[in-house]
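Below is one structure; the comments refer to it alone.
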Amino acid sequence: MNVLIDADACPVVSIAVSLCTAYQIPCYLLCDTAHRIEHTGAVTLVCDKGADSVDFAIANRVKSGDLVITQDYGVASMCLAKNACVLHQDGWTYTNENIDALLFQRHESRQYRASGGRTKGPKKRTSAQDAAFQQSLEQMLQKALHG
């Protein structure tokens, strides 16, 4: 198993790298040239600058059994199609059962904004979100090692 992190604007990189290091699981940070991110214990893979360059790099690199950490529903969908596990930065898991609804919701929100509607941005990140992510990731890493 490898852990691939969609590292551009990911608030849980440090938590993920620390856990991967503790469990001795290879961890890769994928970012574009505008967001070069380095962490001891992880390999940084820098992609071309561009809206979807990191997304497609993750989709091309992921293999069955890998774990991907992303907040992007499109990336999650591509990775699920390759039988990878996909974890959101808030600690919940993308599944084949919830991805279609998430993609539909994203589509509807884009249409609403394109027609002049306004939506609120994300709320400020809380320590409870970090704790939920850490707990979920640790459970997945333990399962990978012992399951």
Side-chain angles (χ1 to χ4, degrees), residues 1-126 129-130 132-134 136-141 143-145:
M1 166 197 264
N2 291 310
V3 174
L4 295 95
I5 303 174
D6 186 353
D8 293 342
C10 181
V12 294
V13 170
S14 295
I15 296 169
V17 172
S18 293
L19 283 172
C20 288
T21 300
Y23 283 90
Q24 299 179 345
I25 294 177
C27 182
Y28 298 90
L29 306 177
L30 287 91
C31 57
D32 68 25
T33 57
H35 303 100
R36 188 162 188 133
I37 300 164
E38 303 279 340
H39 272 274
T40 302
V43 175
T44 298
L45 303 173
V46 180
C47 305
D48 291 334
K49 187 176 178 181
D52 296 324
S53 64
V54 172
D55 300 351
F56 291 118
I58 291 171
N60 288 330
R61 185 175 190 85
V62 70
K63 294 183 176 32
S64 178
D66 284 347
L67 171 62
V68 175
I69 299 167
T70 186
Q71 65 178 338
D72 186 305
Y73 299 166
V75 171
S77 178
M78 290 187 287
C79 295
L80 285 172
K82 291 193 166 188
N83 294 317
C85 297
V86 189
L87 183 62
H88 187 272
Q89 66 190 25
D90 290 345
W92 52 270
T93 305
Y94 295 92
T95 66
N96 289 321
E97 289 72 35
N98 68 13
I99 194 65
D100 288 338
L102 293 168
L103 290 168
F104 181 73
Q105 179 183 19
R106 180 179 77 166
H107 171 73
E108 290 291 309
S109 293
R110 278 191 184 161
Q111 281 192 317
Y112 178 70
R113 288 190 305 273
S115 69
R118 301 180 128 220
T119 57
K120 292 183 178 182
K123 295 178 182 175
K124 185 177 180 187
R125 186 154 184 89
T126 66
Q129 288 170 302
D130 287 344
F133 172 79
Q134 183 169 348
S136 294
L137 178 58
E138 192 150 19
Q139 287 173 351
M140 293 178 104
L141 296 177
K143 184 178 177 183
L145 287 178

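Note: hydrogens, waters and symmetry copies are ignored here, and every other heavy atom, side chains too, is used. What you see is a predicted model, and the numbers here were worked out from it, not measured in a lab.
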Going from [atom1] on [X] to [atom2] on [Y], what distance comes out if it is rounded to the nearest 0.5 angstrom?
X: I69; Y: C27; atom1: CD1; atom2: SG; value: 6.5 Å
X: D32; Y: D8; atom1: CG; atom2: CG; value: 4.5 Å
X: H39; Y: C20; atom1: NE2; atom2: SG; value: 12.0 Å
X: I15; Y: C10; atom1: CD1; atom2: SG; value: 9.0 Å
X: L141; Y: I25; atom1: CG; atom2: CD1; value: 4.5 Å
X: M1; Y: M140; atom1: CE; atom2: CE; value: 6.5 Å

Quick check: closest heavy atoms across [X] and [Y], and the distance to 0.1 Å?
X: K82; Y: A59; value: NZ-O, 2.6 Å
X: L29; Y: A7; value: CB-CB, 4.1 Å
X: H88; Y: F133; value: O-CD1, 3.5 Å
X: Y23; Y: E138; value: OH-OE2, 2.9 Å
X: Q71; Y: Q89; value: OE1-NE2, 3.2 Å
X: T93; Y: V86; value: CG2-O, 3.4 Å

Quick one: does [X]'s side chain get under 4.5 Å of [Y]'s, heavy atoms only?
X: N2; Y: K63; answer: no
X: T44; Y: C31; answer: yes
X: V12; Y: I5; answer: no
X: I58; Y: C79; answer: yes
X: L4; Y: L45; answer: no

Handout entry: Y94 and W92 aromatic ring geometry - parallel, tilted or perpendicular at 30°/60° bounds
Key =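 Because their plane-to-plane angle lies in the 30° to 60° range, the rings of W92 and Y94 count as tilted.
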Does [Y] offer a backbone N or O that forms a donor-acceptor pair with the side chain of [X] under 3.5 Å?
X: Q129; Y: T126; value: yes
X: D55; Y: V75; value: no
X: S77; Y: Y73; value: no
X: D90; Y: R125; value: no

Problem - T40 vs T21, side-chain contact (heavy atoms from CB on, under 4.5 Å): CA-CA, chis, key distance, verdict - result: CA-CA 9 Å; T40 302; T21 300; over 6 Å; no
Exercise for the section: Indicate whether the side chain of T70 and that of D6 have a donor and an acceptor atom separated by less than 3.5 Å. Expected result: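 There is such a pair (donor and acceptor under 3.5 Å, judged by atom type) between the side chains of T70 and D6.
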Practice task
Check salt bridge (charged side-chain N to carboxylate O under 4.0 Å, His left out) between D72 and all other residues, then give those that pass, not counting sequence neighbours.
Solution key: R106
